[in-house]
Amino acid sequence: MAAVAAEQTVHGVLRRLGYTPNGGMFRAVSGHIRRLGLDTSHCTGQAWARGSAAIKRRRRVARLVR
């Protein structure tokens with residue numbers, strides 16, 4: 001639980017717990033996080049997705065609505 005609270009991504013949780021961040025461990029740990037109902041509202045997601053087309057599209061729509 002402390003690892004989930006301290007990290008911002010599931011891969012960070014895996015690294016903190018000493019696991020190699022791969023697909024199988026990602027699915028297993030993600031499943032346990034959901035099953036235990038741990039708070040992930042502080043998680044930011046993947047850094048590579050920041051500023052992606054979806055976010056830019058939302059900004060354009062918001063400007064049109066004004």
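The figures here come from the full heavy-atom set of this structure, side chains too, leaving out hydrogens, waters and symmetry mates. One-based numbering along the sequence shown.
- Residues Ala3 and Leu17 approach most closely at CB-CD2, 3.9 Å, considering heavy atoms.
- In plain terms, the two heavy atoms of Thr40 and Ile33 that are nearest each other are CG2-CG2, 3.6 Å.
- Residue pairs satisfying the side-chain hydrogen bond (donor to acceptor under 3.5 Å, both in side chains) criterion with at least one member in residues 19-34, sequence neighbours excluded, are listed as follows: His32-Arg35.
- Counting only residues at least two apart or in different chains, salt bridge (charged side-chain N to carboxylate O under 4.0 Å, His left out) contacts with residues 7-19 comprise Glu7-Arg16.
- Between Val4 and Val13, the closest heavy-atom pair is CA-CG2, 3.8 Å.
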